[in-house]
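All remarks here apply to the structure that follows.
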Amino acid sequence: MREANKRWQAGAHARQGPGEFARYHRALGEPEARRPVRGDVLRGDAEAWLWRVPLWPELRFTVLVGPGRAVWSRTLTRAPGAPVPELRTAADLRPWGCTIDEVWRAFEGVEPREGVAPTLARLDFTLPGGARCAAEFAWGLLQRQVPPLPSRPTHPIHPARPT
C-alpha cells in the first residue's frame, strides 16, 4: 500500500503527469471488470471500471469514465453478488454500512445536495412514513446522518422526481 501511495502522490503532483484516468489505471492495474453505462443526451455513454478493495471484499472501487477517458466520478460500490443491506428506516443507515447508490434506490424523494466538503456527497430523502432525512457520504460510503435541508422548489421544465 505504501508503494502504491508513493506512486500515486508522485503522479498527482508531477508537473507533466498523466491525466486522472491514467493515474488510476497505472496505480491500480487492470480492473476486475469494465461495464458500459448508458448516459444521457448531455454527457453521452460511459464505462464503469471496477477494482477489488482488499480491505472491503464486498466493495469495489469504481471509476466512471466518459468520452476521452474523462473521469466523471470515483466511488465505492457494492461488489456484484455481495449481499445488499435492507434499508427501510433511519436506524438501518449505519456508517460504512451502505453506499450512496443503495440509499438512492431504497428511498423516495431523493435530492442530491452539495456536501460540506469537496470529498463529501449528500443526499436528502424521504423515509417511509414521510419524515425527511439526510446523509453524507465519503467515497460513496455512508458517514453520518445529518438534518435535512428545506426542499427545493420544482422547476417547470425539470420537475422533481415523483414520490
Which donor-acceptor pairs under 3.5 Å do the side chains of residues 128-139 make with protein atoms, sequence neighbours left out?
| from | atom 1 | to | atom 2 | distance (Å) |
| --- | --- | --- | --- | --- |
| R132 | NH1 | G109 | O | 2.9 |
| R132 | NH1 | T126 | OG1 | 2.7 |
| R132 | NH2 | E111 | OE2 | 2.8 |
| E136 | OE1 | R144 | NE | 2.7 |
| E136 | OE1 | R144 | NH2 | 2.9 |

R69: side-chain hydrogen bond (donor to acceptor under 3.5 Å, both in side chains) partners, not counting sequence neighbours | none

With the threshold set at 4.0 Å, does a side-chain nitrogen-carboxylate oxygen contact exist between D124 and R122?
-> yes

Could you tell me which residues satisfy side chain to side chain contact (heavy atoms under 4.5 Å, CB included) with P95, sequence neighbours excluded, listed by chain and number?
-> none

With sequence neighbours left out, what residues match D101 under side-chain hydrogen bond (donor to acceptor under 3.5 Å, both in side chains)?
-> none

Chi angles and distances behind the side chain to side chain contact (heavy atoms under 4.5 Å, CB included) call for L76, T62 = CA-CA 6 Å; L76 291 165; T62 303; over 6 Å; no

Begin with the C-alpha distance, continue with both residues' side-chain angles, and end with the deciding distance and a verdict on side chain to side chain contact (heavy atoms under 4.5 Å, CB included) for L141 and T99.
-> CA-CA 5 Å; L141 282 183; T99 67; 4.3 Å; yes

Does a side chain donor of either E102 or W104 reach within less than 3.5 Å of an acceptor in the other side chain?
-> no

How would you list, by chain and number, every residue that makes a side-chain hydrogen bond (donor to acceptor under 3.5 Å, both in side chains) with S73, sequence neighbours excluded?
-> none

Proximity of W51 and Y24 rings by center, below 6.0 Å | no

Output all residues satisfying side chain to side chain contact (heavy atoms under 4.5 Å, CB included) with P80, sequence neighbours left out; order by chain, then residue number.
-> R35, R60

May I have the step-by-step check of ring pair (Phe, Tyr, Trp, His ring centres under 6.0 Å) for F21 and W49, ending in yes or no?
-> CA-CA 10 Å; F21 172 77; W49 288 48; 4.8 Å; yes

